[in-house]
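Below is one structure; the comments refer to it alone.
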Amino acid sequence: MARLHILKNGVSFKEVELIDGMEYIGGRGDSCQISLEDEAISRHHFKITKESNGWQIEKLSKYGILLREGVDIQTHSLNKDDSFSIPPFYFRFHDNGVTEQPRIQLENEVDEDFEPTAEIIEATSVESSRAIPYLTISKPGADNETLRLEGVMWTIGRDDAAEVMIDDRKSSRKHFKIYFDRGNYYVQDLESSNGTYLNNEKLNREPRMLESGDTIMVGDTALTFEVRDPTLEAELNNLPAPYSHQPGPSVVYMPIDLSIAENPVQGVIRVDKKWFKDYKSKQFRIVVGAILAIALAYSFMGDNSGQQSNASKNPKNTKSPFDNLSSQDQEFVRRTHTLAKNLYMQLKYELALNEIKKVHEKVPSFLDSKEIETLCESAILSIKNKQYEEDIEKKQKEAIAQAKQIIEMCTQKYANSSDLEAVETCLAPATELDPESFQARQLIEKARALLEEKNLEKTNRAEYLRRIKVRESLFQQAKNLQAKGQLMDAIETYERHIASTLPDPNNLQDKSKKGIQSIRSEVEQIMSSATQDAEKHVSNSDYKEAVDKLERALELEPNNAKARSLYDMASKELFKKMKALYSDAVVEESLGNVDAAKIKWKKIVDQDINKGDYRAKAIIKLRKYGE
């Protein structure tokens, strides 16, 4: 019995028993026998079937990957203990050849005998699946163009069939390639004419590892390679302005409603997160309490020396404000001061402050009354700050709970939607309540990924149609040449169309083959007719006509042995005939019979071929005598 053990992010996910005669489709589609719910998986990603030579796996996804030992594969025969991966999933195939009762392991059920290796964890790492390669193409006088690279290998050059086409006169048709192998990206020059430069260093024929941010130069074109994490970028872009991409301590800005204070103030408080955390801690409160206690104890120590201090400050026995009070008011001040101090010790700061204020209504200060007033005000402020803090925390919890409800509603409505604008509009109230919500960001990123996938499919479809038109244009060019009678050029163009690797959904390749057959048949008829006519002309000693006919025929089929032999023979006989005639004309000229010589020269002009040597000589002679 064969079985497929599946892990996700290095953790056992599920196990599927594979039954002979059944077909298993893996993907995130509802009809899939092997259900894999993840954005990185296509709806129908791969297929596993039992063939005569064993179990086979075939990739169905047009743009997705199916990795085995770090290489993207299309089909593969699964061995007894084989493995493959589609991050974040890792698959291990087992076949012990024994038929057992079929069973499907429950999701997240742990295989106690299985221990994930570092290879498996790396293959199923979420981080590895999130890293996406990009190429930014820059050329003087043109806008930059950024391309997202899908797959594992990309050819770059001037060829229309290249995965990345660059318009640069110094670029070869296939200039260099970038490929992914075992967790790294590499660049390799493809024996280009003008060379490939990586960070201003010319590459040899060996591959070089690429780092994110490297620049590749081809002529005047710069291609910047980057590996980006779109989720991390989105998180950085969503950070609040005061601390996104800014150095320094983490700071949070919190709206505060101080309506519960005696003197309400509206505004924004800037709170250092670390201080805010420490302030709520028990240790911080103990330290604050200790400082207050030390300060109060110090102030109490001054009670016994108060009168002595006052006396020392008034060496000339100048009366103080307290001394100017009546004995009744002095007693009131003493009793009220004592009461205030006792209330403070009982942590009744508001009451203590009220009593101190009564003291200060009588005198500016008495003993440590100013210190008690300061301590009471500090303690009251601390209590109010704590109340503010608790109120903020309560409101934040309420906001987060409300945001969670909105997010759940949006998730149900737009779980698999690529309408990014609708998702963001739905989540806007939630993100306003809880800007750091992971669930909201996750739903937005999912919609963005689906939208990018949709746009990519649209772009790839447009590119696919463009490549079809390129090949169809080649076929039409061959037909036009055939119609104009340029038969050899038409055959060459038909052959280029047949050899092209561009898509051919309309099966024009067969029409090209038929076009070549038709032309060859036509050429054969032309050659046969020309040869027969040439033979007749030769038999009548009309060598010029024979040579002219065979010369036109040989332009269509230069390697026709019969035509070539006949052409050579007729040319030779014509040459001998013209030579004899020219010699006779020269003799007549030497004897003074110029008119007789002219007649012979004119005969040579009429009977020799246009490029014949004796025709040229005869023309020169005739010009000599004004003809």
Side-chain angles (χ1 to χ4, degrees), residues 157-162 165 169 172-174 193 464-578 605-616 619:
R158 196 161 38 84
D159 198 327
D160 290 342
M165 190 177 72
R169 59 187 179 83
S172 299
R173 293 189 177 278
K174 292 185 178 180
S193 301
Y464 176 72
L465 294 175
R466 185 193 70 79
R467 298 178 73 188
I468 289 174
K469 287 183 179 179
V470 171
R471 189 165 186 178
E472 288 178 347
S473 174
L474 198 61
F475 174 77
Q476 190 60 44
Q477 182 182 350
K479 285 186 65 178
N480 293 339
L481 290 170
Q482 183 179 359
K484 291 177 182 178
Q486 300 176 16
L487 302 182
M488 292 299 103
D489 291 339
I491 288 177
E492 181 186 355
T493 307
Y494 276 133
E495 288 175 343
R496 284 170 56 204
H497 176 265
I498 293 170
S500 174
T501 58
L502 294 171
D504 184 23
N506 299 321
N507 202 21
L508 296 178
Q509 189 179 56
D510 288 344
K511 293 184 179 180
S512 288
K513 292 177 180 178
K514 290 179 181 177
I516 291 174
Q517 292 175 356
S518 173
I519 292 173
R520 294 197 186 283
S521 176
E522 184 179 352
V523 169
E524 186 177 345
Q525 292 177 3
I526 292 172
M527 295 300 296
S528 176
S529 176
T531 304
Q532 291 176 6
D533 290 346
E535 287 175 340
K536 290 178 182 179
H537 287 300
V538 169
S539 65
N540 295 327
S541 298
D542 189 0
Y543 300 115
K544 178 183 177 182
E545 291 297 327
V547 169
D548 285 341
K549 278 204 172 282
L550 291 170
E551 192 172 59
R552 288 194 295 272
L554 287 170
E555 288 178 357
L556 293 177
E557 193 175 357
N559 298 324
N560 188 293
K562 185 176 180 180
R564 176 61 65 184
S565 175
L566 189 59
Y567 174 81
D568 292 341
M569 185 271 290
S571 297
K572 186 176 180 179
E573 292 299 324
L574 179 62
F575 181 82
K576 288 164 61 176
K577 182 179 179 180
M578 292 301 103
V605 171
D606 291 337
Q607 294 182 359
D608 200 2
I609 59 176
N610 291 334
K611 60 182 179 179
D613 292 339
Y614 289 102
R615 185 176 187 275
I619 290 172

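- Across every non-hydrogen atom of P558 and R564, the tightest pair is O-NH2, 3.6 Å.
- Counting all heavy atoms, side chain and backbone alike, D613 lies closest to D608 at N-OD2, 4.1 Å.
- One finds the CG atom of N507 at 9.5 Å from the OG atom of S512 (value rounded to the nearest 0.5 Å).
- Atom CZ of R173 has 12 or fewer heavy atoms from other residues, nucleotides or ligands within 6.0 Å.
- With sequence neighbours excluded, the residues that form a side-chain contact (heavy atoms from CB on, under 4.5 Å) with M165 are D160.
- Identified under the salt bridge (charged side-chain N to carboxylate O under 4.0 Å, His left out) test for residues 499-511, with sequence neighbours left out: none.
- Sorted by first and then second residue, the side chain to side chain donor-acceptor pair (under 3.5 Å) pairs with a member in residues 466-475 read E463-R466, E472-N506; sequence neighbours excluded.
- Proximity of K513 to Q509: side-chain heavy atoms (C-beta onward) are separated by under 4.5 Å at one or more points.
- Residue T531 comes nearest to K562 through the heavy atom pair CG2-CE, 3.6 Å, listed as atom of the first residue, atom of the second, then distance.
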Next item on the list: In sequence, state the C-alpha distance, the side-chain angles, and the governing distance for Y543 and F575, and then conclude on ring pair (Phe, Tyr, Trp, His ring centres under 6.0 Å).
Entry: CA-CA 9 Å; Y543 300 115; F575 181 82; over 10 Å; no
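- Between the side chain of R615 and the main chain of V605, a donor-acceptor pair closer than 3.5 Å is present.
- Looking at heavy atoms from C-beta onward, H497 lies in side-chain contact with L508 at the 4.5 angstrom threshold.
- A distance of 10.0 Å separates OH in Y494 from CG in L487, rounded to the nearest 0.5 Å.
- For the atom pair CZ of F475 and CG of N480, the computed distance is 10.0 Å after rounding to the nearest 0.5 Å.
- For the salt bridge (charged side-chain N to carboxylate O under 4.0 Å, His left out) condition, no pair includes a residue of residues 476-492, sequence neighbours left out.
- Separating the CG atom in L550 from the CD atom in E535 is a distance of 9.0 Å, to the nearest 0.5 Å.
- In terms of heavy atoms, S500 sits closest to L502 at OG-N, 3.1 Å.
- Remark: side-chain polar atoms of S193 are not paired, donor with acceptor, to backbone N or O of S172 under 3.5 angstrom.
- For residues 536-552, every residue pair satisfying the salt bridge (charged side-chain N to carboxylate O under 4.0 Å, His left out) rule, not counting sequence neighbours, is listed here: D533-K549, E551-K611.
- With hydrogens and angles ignored, the 3.5 Å screen pairs no side-chain donor or acceptor of S528 with any backbone N or O of E524.
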Note to self: Apply side-chain contact (heavy atoms from CB on, under 4.5 Å) to residues V538 and M569 and explain how you reach the verdict.
What the structure shows: CA-CA 9 Å; V538 169; M569 185 271 290; 3.5 Å; yes
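- Expressed to the nearest 0.5 Å, how far CG of L474 lies from OG1 of T493 amounts to 6.5 Å.
- Residues passing the side-chain contact (heavy atoms from CB on, under 4.5 Å) test with A530, sequence neighbours excluded: A553.
- Rounded to the nearest 0.5 angstrom, M488 CE and Q482 CD are separated by 10.5 Å.
- Taking each heavy atom of A546 and A534 in turn, the nearest pair found is CB-O, 3.6 Å.
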